[in-house]
Amino acid sequence: MALFKVISGRLYQAFLLLVVMSLIGFVGIHSVGNPVYNIVNIETATPDDIRRATELLGLDQPLWRQYLVFVQNLATGSFGTSYIYHLPAFELVLSKLSATIELAAFAILIAAAAGTGLGLLAGTRPGTLVDRMVVIVTVYALSVPSFWLSMMLVLFGAVMTGWFPSGGRGSTVDLFGWEWSFLTADGLKHLVLPVLALAIPNIALIARLARAGTVEVQRADFVRFCLAKGLSDRHILFRHTLPNISLPIVTIVGLQFGGMLAFAMVVESIFAWPGVGKLLIDSIQLLDRPVVMATLTFVAITFVALNAIVDLLYAVLDPRVRISA
Amino acid sequence: MTIMTSLRLSQRRIRGALTLPNGILALFVLAAITAPVLAPQNPYDMLQILGWEASSPPGTMSGNGYRYLLGTDGLGRDIASCILYGLRISLVVSVVSAAAAAAIGLTLGVVAAYFGRWVDAVIMRAVDLQLSLPTMLVALIAIVTLGPGVDRIILALIIVQWATYARVVRSVALSEAGKPYVDAVRTMPLSHGRIILRHLLPNSIAPAITLLPIEIGHAVALEATLSFLGLGVPMDQPSLGSTVANGFQYLLTGQYWISLFPGFALFALIAAINFAGEDIRRLWDPRSRSL
Amino acid sequence: MTTKDEKAPLMEVRDLTLVHRGSSGSTPIVRDVSFSLGYGQVLGIIGESGAGKSTIGNAVIGLLAPGIEQTGGSIRMNGIALETLDAERRRALRGGAIASIFQDHTSSLDPLMTIGAQLGETIAALSPDLPRAEVRKRAVALLERVGIPEPARRYNSYPHQLSGGQRQRVVIATALAGSPSIIVADEPTSALDATVQKQILRVLKGLVEEKGLSILLITHDMGVIAEIADRVVVMKNGAVVEQGSTAALLENPQDVYTRNLLSAVPKLRRSNVDVRADTPAGADGNPGQAECRPARDAILVVDNLSKTFGGKSILRMFGTEKPGFALRDVNIRLPRGGVLGIVGESGSGKSTIGRILAGLETGNADKIELNGKACDITYRGRGGGLLGQVQMVFQDPSSSLNPRLTVVEALTECVRATARSGDDRSRSRIAKTIERLGLQQAHLDRYPHQLSGGQKQRVCIARALLAGPQIMIADEPTSALDVSVQAEILSLLKETVAENDLSMIFISHDLAVVQDICDEVCVMRNGRIEDYGTSDFIFGRSENPYTRHLIDARPKIFTR
């Protein structure tokens, strides 16, 4: 029953999110300008050309009618064709997915492992030098604007030292119909800087969360009772503290991973990484509405799916969610 | 008066507030206020900018008779002056938007918690929706829809931030509203407004106050990011973010100063705000409050 | 002088001094405390909050809170001074010879682990070579030993699936895992209902009798001491006031403080069995009948008050989720100028009645009449006719006052809210009222955190009184207070109600208190009225098995 409730809630949320996103996207792009001027060659086009292109794309219709057409097309599973690339919009988004996935996956794995480790290190010895160092360094790490961090990584990691390439994916390998960078040495080299740019703020975020959770759990009665039972510190740390702090960490990891899949646009554009975020920001600037709508839909679905996964993980990790009293 | 008493800080706390980051923060605010006096050049005034001195490295002497301490950007604007004027925009945008968002979120959160039922449901659904959309996207769409300009940026940041306050304040207000002191005044013939303003609000305000500096920091970063993406303040009003963005194309050719120094100023500003936020959170955390 | 052949005690505490080192210098928490605990003995340490009794327990376990240090004296077990041991041997001692039980059963167990696993890890930590099956067998045996029904099945349960009493049994089972010789039990039953408390104490007593365990029992509750302790140490402000055998101390307390502590405890009397004419219904061979004829003129009449919970949901519409009843068909007559007691265990719905009548929650009733005038309770709080006419005094005085208002600010607001127009004498009215309630002018400008618990509760009574109500509802008004203050507040409430011609509904789980101040008593169970009658009837002649069960669950010291 509880599961049914959760699933129906998630579906409802997904639906609402899609409606709102599509409306915002539509109105937003409409209010910015007419995409036709990005499509025809402004220098050579006659007014007649522009009019014909406008009619062809259905842009002469009132906005609400354009929206209805969009919804109708959506019902048949089509987001339309990109104004710029002349490819089906959703396929275009999917083709960028592998680049974003490998970037986000590496970043979140590093962030989760390093963040949890640092958080435990600091949280188990509150007030010590190590703890204060972790707290201070994480504040700094969270204060760096991500675009500047990326640029400094380019400056120090590529321009000045030449250790890593400053952008692009490097050579890739085709697997399951997608291109992957991490399977080649060159690709891995290209991954290092953008992964760092995405991971550093998240390491700090997760470390702070893990530290706060650890401090709180260490204070809890059941930990005191475990001490009174004569269990070793190590046993308490791994069997009791870690599972109890994992709940908020799982949530933040899920959310941040979703954020990276959808909105690594700053990092992706600085490192010229051809992923979903770069596609979105380019499409917004070019007013390529079908692609924007397809990307937003993908984003909404990703978020809802990740939320659902986090819910399921919660149920796995927390018996209070899994089994009602 | 009641809020003032709770804000009354003990001697020790005042001394504890005199830390290095807070000093830096004070310097930033001072620099922003006195920018027209401090800055050798007004980057808004095209007449003061010498186009042929573009991309000068730090320390170059200007034809206008002063030294470009931090160099010039691709248009010939003095980076040091751009930083000082950029600070003004960053601080105004972030403080105004965070304060307005806090006021809106605080009110809605307390109202939702007090009335419950459909009022709560409506407000919290809006909050959920807002928070389920990533910050960056909301800001992006808002700014795209609203158009460029400092006032639009502020509006966009308010739209992005209010929900966080509403949710945090509501959860505190909900637990406060369940306490017997609120029950006690509810059994008296007092108006809802009075119960909310005099009893619920002052006791639910703490999280909003601890959240404020964090959100100001976020706002600074977000404004800079939007400007970086070319969607923030217009080019002729250099903010810290847009100055850094300007430098990006020069970075690969080794003209590091255009993005390095404004970016560092931005980083230092956000860090100082965040440390001040840590202090405030410590002061307000009931666990660390001495008896 | 002890003779050579007299057996040395199991644990001996000599001149124990514990000091808290803070930033503002060091303050003594415990000063020169000495006592000894023999084999198979239960030693009770009793005192009010802040007496330092829990800190002694922590010192014995070896888990002093950060900042607290042992600066003098010694704790010897079997002749070995514990403070000389290194951390590792101290830890080994904790699992084995010295076990402990904490007060809060809701947080003593890890919520993410089955009780079997938590029990098992304790057993495995003590004997690492034991095969898994054997660990499990021992764990199940321990669960059985402490009276968990179906222990093999319960082994795989999580803490939240157990009741409070069962959780505390699991905690005891865990403490037993290392076959300890001493159990330090810090308020082991204070978070539990009276009947469950009795069962848990019986389990502990059984352990002492069968296994020859010794228990160091730390409590604020004389009833618990009387139930199982052999010897008592009475503490006040970190020092021992008096100690001796329980029987002697209860019969003939030497120190003034002990005497006050004892006399402050309300005692249940056997009511004299004299049949009076005005016995309400429920007495006439009709126990459990939720019906009541007004003996006197009733100021408040409640007919068939019900409240459901479970809320509205889609599942409700499909009929898969049945609504639960928080209250079902409750009928109440509050006699004018009288005190009606509502008793019951937690979850019985007794507080819900009070909250509905005060307008804090909604409910459904066939009829609610105040002074013969119908009132509406289907809307929360506003304009139901009861608003302002009913005032409440709550259980926890520390959260009953707005922390940001001074006493005079809080009281002025209350007077202004209810004053008839042009009443300018609020300050003098307030001054008069608080003086009558035993507070001084100086208290008026203080904030709640600058007042003691008892003083705060007086302010709460003043606030309720100044609103000019007809009915006062007191919901467990003394259970958050120290015993010595409880009696004062109770008599104050009683006087206040009488002096101001109020009627009162007094909600409590404590039968002795109810008997003391109530004219009529209503016993609640699972949202229904189980028994109803005059105080004399309920405590003297009621045949209702649940009422009898409640009375019998009282620790025996109270029924003398």
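The sequence lines fix the lettering, A, B, ..., with proteins before strands; numbering per chain opens at 1.
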(request) Hey, could you give me the OG/CZ distance between A:Ser269 and B:Phe228, rounded to the nearest 0.5 Å? (result) 6.0 Å

(message) For the CZ atom on B:Arg167, are there more than 12 heavy atoms of other groups (residues, nucleotides or ligands in this structure) within a distance under 6.0 Å?
(response) no

(message) Shorter than 4.5 Å, heavy atoms on both sides: which option in B:Ala221, B:Gly217, B:Ser259 has the most such pairs with chain A?
(response) B:Ser259

(request) State the CZ-OG distance between A:Phe147 and B:Ser227, to the nearest 0.5 angstrom. (result) 8.0 Å

(request) Quick one: which residue pairs count as a salt bridge (Lys or Arg N to Asp or Glu O under 4.0 Å) with a foot in residues 126-138 of chain A, not counting sequence neighbours? (result) A:Asp131-A:Arg211

(request) Answer yes or no: is there a side-chain heavy-atom contact under 4.5 Å between A:Pro145 and B:Ile270? (result) yes

(request) Could you pull out the closest heavy-atom pair between B:Ala271 and A:Val139, with the gap in Å? (result) O-CG1, 4.5 Å

(message) Is A:Leu255 close to chain B through its backbone or its side chain, or both, or neither, when contacts mean heavy atoms under 4.5 Å?
(response) neither

(message) Quick check: closest heavy atoms across A:Met152 and B:Leu260, and the distance to 0.1 Å?
(response) SD-CD1, 3.2 Å

(request) Return the option, out of A:Ile270, A:Leu280, A:Val135, with the maximum number of heavy-atom pairs under 4.5 Å with chain B. (result) A:Ile270

(message) Looking at B:Pro262, is its backbone amide N or carbonyl O close enough to the side chain of A:Trp148 to form a donor-acceptor pair, meaning the two atoms are under 3.5 Å apart?
(response) no

(message) Can you confirm whether A:Tyr67 is buried at OH, in the sense that more than 12 heavy atoms of other residues, nucleotides or ligands lie under 6.0 Å from that atom?
(response) yes

(request) Name all residues meeting the side chain to side chain contact (heavy atoms under 4.5 Å, CB included) criterion together with A:Ile136; count only those two or more places apart in sequence or in a different chain, and write none if there are none. (result) A:Tyr140, B:Phe275

